[in-house]
Amino acid sequence: MKTFNKIYEAKVFKNIREIIDNSVELYSENKAFIIKEKNGKDVNYKNITYKEFKNQINYLGTALVDLGLKDKRVAIISKNRYEWALTYFTVMNGVGITVPLDKGLKEEEIISCLVRSKADAIVFEKEYLEIVNKAKENEDVKIKEYICMDDINEKGIKNINDIIKKGEELLKDGDKKYIDAEIDEEKMATIIFTSGTTSMSKAVMLSHKNIASNITDMLYTEKVYDTDVNMAFLPFHHTFGSTGVLFFLANGATNVFCDGLKYIQKNLVEYKVSVFVCVPLLIESMYKKIMAEVQKQGKTKVIKIGLILSKVLLKLGIDIRRKIFKQIIDKLGGNLRFIISGASAIDKKVAQGFNDFGILTVQGYGLTETSPVVAIESEEFNRVGSIGKCYPSIEVKIEEPNEEGVGELLVKGPTVMLGYYNNEEATKECMKDGWFHTGDMGVIDADGYLYLRGRSKCMILGPSGQNIYPEEVEAALDTRPYVLESLVIEDDGGLTALIYPDFDLGTKEGISQKAMVAMIENSLAEVNKEIPNYARLKRIEVMS
């Protein structure tokens, strides 16, 4: 298929250390991170420059090597915070192999991941102290060093700040084992567990080459400035989260942290966020709230006129969208200019809506196994509904397309994983002749834009043999008022939609839960008008 042209000039990186070093050289005094420190009602903001970030990487790395962790495996578990990023990039750049753990896993699953990955050390925040102590008691866990990101007084557990100070002393005394360490771009650098229970999840092996290639592709296709502020929202234990923050670091941007789902809008304003990478559900929720406020204020007609005017002017090469819709943009902090959506399909109306307001909104696609991004839209190549075009270094093809051109999406390139750790059988199942079989169904149009049609394993055979992709039906459902999330399943010879309502929004608008449930259930006929006859729903079940 046609790939992205290299829209922007970019340096080709071979490993993650080169990316960090390049940014330190170019953006030494820029703020790499802003850390919010709370003491009761008092709030303080601590700025970490790129130079300071690199120094702390060297200090921590020197001390970890001194602790005997050279070429060892270091697990990391916490919410998104500075110490997570610091540990991740430190270990990758000269210590050993990182093992990012999902902070939402149950105790037994976390311990299982520690055992399966053969972790030698764990860096954690204090909320996980109880689980860490259980891991200590488990004879199958072989961890030798327990390091906490917070100040705690617990036997056998070290504090990361003390280790950083120790590393600074060692470096001043001439210990250069860490900073002189060679990086082997081809070797496993991180083990990332895919979603699913620990018995079902696979451990993906990625190298420096995998991740650095993906960063280079991002630099070729997306424009981020060293004045941008990125809110690091996606969990770092996901490749989209950790590689994403590395992309912003590669551009000299500032990274800040969200206080939680309830505080997203507040944080957008607080930090003057200009770039936001998140999941469709959140973007759609933001859009719904904006449009509900527009309707509440009786400004629907004004917005429609503004949209018509801005589109006419755009055709003449005049872009005043951000002026016309300034009030809407101000609700999102006033600086938001770029939204990147991933993980699942975004509602076309929402993506188009934000673009119409002057906030570039693009959709991307990737998997842990591809480090992660395979294809994405950009300012130049933006076709709502698609996942854009594949990256410059990547090849994609559709295997055994049907009459509509739909078939399984295969990927080849330097970002494709080394394989699944200790699972040769699973690796052979998805890797054939150099092509990674994604399990996702897709189609490529004449211009090279890629469209997903759902998971091959999730596909449902319709009454007359038609292929039904639940994700497409779910996309139609998710646009309905007060629908937070939906799941379409095959049930009793037909399709049933399980709906999870946005009761919080209903409460704010004075709508009872009973009335909201009735409203959603009564929308069955309207939803069925929007989808093909063979994919029509038999019933809607509201989950309370």
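Keep in mind that this is a model prediction, so the values were computed, not measured. The basis for the numbers below is simple: all heavy atoms, side chains too, and nothing from hydrogens, waters or symmetry mates.
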Criterion side-chain contact (heavy atoms from CB on, under 4.5 Å) on Leu261 and Leu282, from CA distance to verdict: CA-CA 9 Å; Leu261 279 171; Leu282 183 55; 4.2 Å; yes
Criterion side-chain contact (heavy atoms from CB on, under 4.5 Å) on Asn93 and His208, from CA distance to verdict: CA-CA 9 Å; Asn93 287 343; His208 274 263; 3.6 Å; yes
Worked verdict on Val273 versus Val256 for side-chain contact (heavy atoms from CB on, under 4.5 Å): CA-CA 8 Å; Val273 172; Val256 300; 4.2 Å; yes
Verdict with reasoning, Asp502 to Lys288, per salt bridge (charged side-chain N to carboxylate O under 4.0 Å, His left out): CA-CA 11 Å; Asp502 191 344; Lys288 283 180 182 179; over 6 Å; no
Full working for side-chain hydrogen bond (donor to acceptor under 3.5 Å, both in side chains) between Tyr420 and Glu369: CA-CA 9 Å; Tyr420 294 117; Glu369 290 89 340; 2.6 Å; yes
Stepwise side-chain contact (heavy atoms from CB on, under 4.5 Å) check, Ile164 with Leu86: CA-CA 11 Å; Ile164 290 170; Leu86 176 64; 3.8 Å; yes
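Surrounding CD of Glu37 are more than 12 heavy atoms belonging to other residues, nucleotides or ligands, all under 6.0 Å away. Counting non-hydrogen atoms of neighbouring residues, nucleotides and ligands closer than 6.0 angstrom, the NZ atom of Lys412 exceeds 12 such neighbours. By the neighbour-count criterion of 12 heavy atoms within 6.0 Å, atom OH of Tyr263 is sparsely surrounded, having that number or fewer from other residues, nucleotides or ligands. Around CD of Glu379, the count of heavy atoms belonging to other residues, nucleotides or ligands within 6.0 Å does not exceed 12. With a 6.0 Å radius and a threshold of 12 heavy atoms from other residues, nucleotides or ligands, Lys209 has its NZ atom at or below the threshold.
Between the side chain of His237 and the backbone N or O of Phe193, no donor-acceptor pair lies under 3.5 Å. Without hydrogens or angle criteria, Asp228 side chain to Val275 main chain gives no donor-acceptor distance under 3.5 Å. No donor-acceptor pair closer than 3.5 Å links the side chain of Lys72 to the backbone N or O of Val65. Proximity of a side-chain donor or acceptor of Asp319 to a complementary backbone N or O of Arg321 within less than 3.5 Å is detected. Panel note: side chain Asp447, backbone Tyr449; no donor-acceptor pair is recorded below 3.5 Å. Of the possible polar contacts, none joining the Arg453 side chain to the Val406 backbone as a donor-acceptor pair under 3.5 Å is found.
Residues that satisfy the salt bridge (charged side-chain N to carboxylate O under 4.0 Å, His left out) test with Lys266, not counting sequence neighbours, are Glu270. Taking the side-chain contact (heavy atoms from CB on, under 4.5 Å) definition, one finds that Val416 meets it with Thr370, Val411, Met431, Phe436, sequence neighbours left out. For Gln352, the side-chain hydrogen bond (donor to acceptor under 3.5 Å, both in side chains) partners are Asp356, not counting sequence neighbours. Contacts of Thr216 classified as side-chain hydrogen bond (donor to acceptor under 3.5 Å, both in side chains), with partners at least two apart in sequence or in another chain: none. In this view, Arg322 satisfies the salt bridge (charged side-chain N to carboxylate O under 4.0 Å, His left out) rule with no residue, not counting sequence neighbours. Partners of Phe240 under the ring pair (Phe, Tyr, Trp, His ring centres under 6.0 Å) rule, at least two apart in sequence or in another chain, do not exist in this structure. Shown here are the side-chain contact (heavy atoms from CB on, under 4.5 Å) partners of Ala292, two or more places apart in sequence or in another chain: Glu509. Qualifying side-chain contact (heavy atoms from CB on, under 4.5 Å) partners for Glu18, counting only residues two or more places apart in sequence or in other chains: Phe13, Lys14, Asn15. Legend: residues meeting ring pair (Phe, Tyr, Trp, His ring centres under 6.0 Å) with Phe276, ordered by chain and number and at least two apart, are Phe233. Scored by the ring pair (Phe, Tyr, Trp, His ring centres under 6.0 Å) test, Phe257 finds no partners at all (sequence neighbours excluded). For Phe325, the ring pair (Phe, Tyr, Trp, His ring centres under 6.0 Å) partners are Phe357, not counting sequence neighbours. Shown here are the side-chain contact (heavy atoms from CB on, under 4.5 Å) partners of Leu452, two or more places apart in sequence or in another chain: Tyr365, Ile387, Leu409, Asp440.
Within the 4.5 Å cutoff, the side chain of Val362 has no heavy atoms near those of the Phe381 side chain. Looking at Ser207 and Asn210, their side chains come closer than 4.5 Å, going by heavy atoms from C-beta outward. Under the 4.5 Å side-chain criterion, counting only non-hydrogen atoms from C-beta, Met149 is in contact with Ser78. Within the 4.5 Å cutoff, side-chain heavy atoms of Lys36 are placed close to those of Asn267. Residues Asn422 and Lys118 are in side-chain contact: their nearest non-hydrogen atoms beyond the backbone lie under 4.5 Å apart. The side-chain heavy atoms of Asn230 and Phe247, taken from C-beta on, include no pair separated by under 4.5 Å. Between Ile147 and Leu64 the shortest side-chain heavy-atom distance falls below 4.5 Å. At least one side-chain heavy atom of Pro100 sits less than 4.5 Å from a side-chain heavy atom of Thr190.
The minimum heavy-atom distance linking Cys113 with Leu101 is given by the pair CB-CD2, 3.6 Å. The heavy-atom pair separating Leu219 from Ala10 by the smallest distance is CB-CB, 3.6 Å. Nearest heavy-atom pair, Pro280 versus Ser341, reported as atom, atom and distance to 0.1 Å: CG-OG, 3.4 Å. Here the closest heavy-atom approach between residue Arg17 and residue Tyr178 is recorded as NH2-O, 3.9 Å. Here the shortest heavy-atom pairing between Arg337 and Tyr225 reads NH2-CD1, 3.5 Å. Pairing each heavy atom of Leu206 with each of Ser371, the nearest pair is CD2-OG, 3.5 Å.
Remark: Lys202 fails to qualify as a cation-pi partner of Tyr421 under the 6.0 Å distance and 45° angle criteria applied to the six-membered ring. With a 6.0 Å cutoff to the six-membered ring centre and a 45° limit on the axis angle, Lys223 counts as a cation-pi contact of Tyr8.
Annotation: the span from Tyr500 atom OH to Leu484 atom CG amounts to 10.5 Å, rounded to 0.5 Å. To the nearest 0.5 Å, atoms CD (Gln363) and CD1 (Ile376) are separated by 9.0 Å. Rounded to the nearest 0.5 angstrom, Ile20 CD1 and Ile57 CD1 are separated by 5.0 Å. The OH atom of Tyr82 sits 5.5 Å away from atom CZ of Phe53, with the distance rounded to the nearest 0.5 Å. Between the CG atom in Leu114 and the CD1 atom in Ile77 there is a gap of 8.0 Å [rounded to 0.5 Å].
Side-chain atoms of Asn335 and Ser274 form no donor-acceptor pair, as typed in the model, at a separation below 3.5 Å. Using a 3.5 Å distance cut-off with no hydrogens or angles, the side chains of Asn355 and Thr361 do not pair a donor with an acceptor.
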